[in-house]
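Both ligands and their constituent atoms are indexed starting at 1 by order of listing.
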Amino acid sequence: MLALERPLVMGIVNVTPDSFSDGGAFLDPARAIAHAERLIEEGADLIDIGGESTRPGAQAVNAAEEWRRIEPVLGALREAPVPVAVDTMKPEVMRSALGAGASMINDVNALRAEGALQAVAASDAAVCLMHMLGEPRTMQIAPFYDDVVAVVGAFLRERIASAESGGIARGRIVADPGFGFGKTLAHNLELLRRLSEIGELGVPLLVGLSRKSMLGAITGREAGERLAAGVAAALLAVERGARIVRVHDVAATRDALAILAAVKGSSY
Ligand code: 7PJ
């Protein structure tokens, strides 16, 4: 159960050799665990562990290798004071993660893989359903939408309905428009500008913009130099209704959200 009276910060821990933002830095479990602990100290409300890069063009890994990367980190965080999500599209990895105490499955494929919905339904964990057009290997090749907000909203509504009819109660679900997943810069900007329109889904919105290439396209900066841009984007998303922001830079994001809360007259 997550209290959502203030926006929450999900801290990203990639245990991959090839993530675009911090590729390889935390492939060693001890370093990934130390990084997760640091994000918790910085004020992360939840941690997201990923063992497969979903950056544009990334190659898939098999379930055994993906789980081998995740398991030690998830195991070490069993006693962590915050819930832990596992970022995976694979039902085998979902089942292992849920068996090992994951509190949330973060699926960029929105439980569309055969058996994924059942894997989550058999647990009492939460799930994040994200919109992606196509698959990571090819998704940035000429993505097209008539109306990106309408298409993403309709997709998320359909996935929420499927999850509910498969036995996942609405209170366990969050939805995510999937910035950068089969979207051009113009699509991403329109989604962010009109985020409050997708917000009418009946579930909380989670948004991931941290260090993404759309920020690089606007600022001309490399992934490691997009902190200010990412914090600005997270703030804009929260102003438009996002309830959870998935970020690499937890302390800076929390500071920005504290300013927002203060301006609104609430505490953070
Ligand atoms: C997202 C994600 C996102 C959710 C990644 C990256 C690429 N999960 N996993 N939303 N992005 N829910 O971290 O930039 O936007 S991987």
Side-chain angles (χ1 to χ4, degrees), residues 2 8-26 35 39 44-61 66 69-70 83-90 93-94 97 102-112 116 120 125-133 135-137 139-140 152 155-156 159-160 163 173-183 187-188 191-192 195 198 201 203-217 222-224 226-227 229-230 233-234 237 242-250 253:
L2 283 169
L8 300 182
V9 176
M10 171 186 252
I12 301 170
V13 178
N14 285 320
V15 200
T16 57
D18 57 349
S19 286
F20 79 97
S21 56
D22 50 12
F26 309 116
H35 187 62
L39 296 183
D45 297 292
L46 58 168
I47 291 291
D48 188 38
I49 308 173
E52 175 180 28
S53 173
T54 46
R55 73 171 179 186
Q59 292 303 318
V61 296
E66 191 181 335
R69 295 173 184 175
I70 294 166
V84 177
V86 168
D87 189 338
T88 185
M89 305 188 256
K90 297 189 187 71
V93 177
M94 291 175 189
S103 297
M104 176 188 266
I105 296 297
N106 174 25
D107 184 1
V108 300
N109 199 33
L111 302 181
R112 286 179 292 171
V120 173
V127 65
C128 178
L129 304 172
M130 197 197 78
H131 175 269
M132 168 170 62
L133 183 69
E135 52 166 311
R137 211 167 39 78
M139 66 192 177
Q140 289 306 108
V152 169
F155 172 89
L156 292 175
R159 294 315 299 151
I160 293 165
I173 302 172
V174 302
D176 183 338
F179 285 98
F181 285 83
K183 289 153 190 109
H187 294 141
N188 289 318
L191 271 175
L192 184 51
L195 193 68
I198 331 172
L201 296 168
V203 304
L205 264 190
L206 186 154
V207 160
L209 289 153
S210 185
R211 301 188 187 174
K212 284 196 173 168
S213 70
M214 64 181 279
L215 307 179
E222 295 303 320
R226 296 177 190 158
L227 186 149
R243 305 303 300 156
I244 306 176
V245 285
R246 180 182 176 277
V247 303
H248 301 84
D249 303 294
V250 170
T253 306

| said: Looking at R246 and G208, would you say the former's side chain and the latter's main chain have a donor-acceptor pair under 3.5 Å? | reply: no
| ligand 1 N/O within reach of D87 N/O, cut-off under 3.5 Å | yes
| query | What do you reckon, does R55 put a non-hydrogen atom under 4.0 Å from ligand 1? | reply | no
| N/O separation below 3.5 Å, D176 to ligand 1 | yes
| remark: Per-atom filter on ligand 1: closer than 4.0 angstrom to a heavy atom of T54 are 16 (S)
| said: So if I count the atoms of ligand 1 from 1 in the order they appear, which ones are less than 4.0 Å from some heavy atom of C128? | reply: 12 (N)
| message | More than 12 heavy atoms of other residues, nucleotides or ligands under 6.0 Å from CZ of R112: yes or no? | response | yes
| task | Output yes when the distance from some N or O of ligand 1 to some N or O of D48 is under 3.5 Å, and no in every other case. | result | no
| task | Pull out every atom of ligand 1 sitting under 4.0 Å from any heavy atom of V108, numbered as shown with elements. | result | 2 (C), 8 (N), 9 (N)
| query | If you measure every N/O of N106 against every N/O of ligand 1, is any gap under 3.5 Å? | reply | yes
| Does ligand 1 have an atom that lies less than 4.0 angstrom from a heavy atom of G178? | no
| task | With atom 15 (O) of ligand 1 as the reference point, say which of R246, R211, M130, K212 has the nearest heavy atom. | result | K212
| query | Which atoms of ligand 1 have any heavy atom of G208 under 4.0 Å away? | reply | 15 (O)
| said: Would the distance check show the side chain of K90 and the main-chain N or O of E66 forming a donor-acceptor pair, the cut-off being under 3.5 Å? | reply: no
| query | Any side-chain heavy atom of M139 within less than 4.5 Å of one from L133? | reply | no
| request: Could you tell me whether L209 approaches ligand 1 through its side chain, its backbone, both or neither, with non-hydrogen atoms closer than 4.0 Å? | output: neither
| Is any side-chain heavy atom of K183 less than 4.5 Å from a side-chain heavy atom of V152? | yes
| request: Ignoring hydrogens and angles, tell me if any N or O in the side chain of R159 forms a donor-acceptor pair with the backbone of L111 under 3.5 Å. | output: yes
| V207 contact mode with ligand 1 (heavy-atom cut-off under 4.0 Å) | neither
| Would you say the side-chain atoms of K212 pair up with the backbone N or O of G180, donor to acceptor, closer than 3.5 Å? | no
| remark: If we number the atoms of ligand 1 from 1 as shown, the ones under 4.0 Å from a heavy atom of L206 are 12 (N)
| task | Using atom types as modelled and distance alone, determine if a side-chain donor or acceptor of D45 lies under 3.5 Å from a backbone N or O of V9. | result | yes
| Side chain to side chain, L2 and P83, heavy atoms closer than 4.5 Å | yes
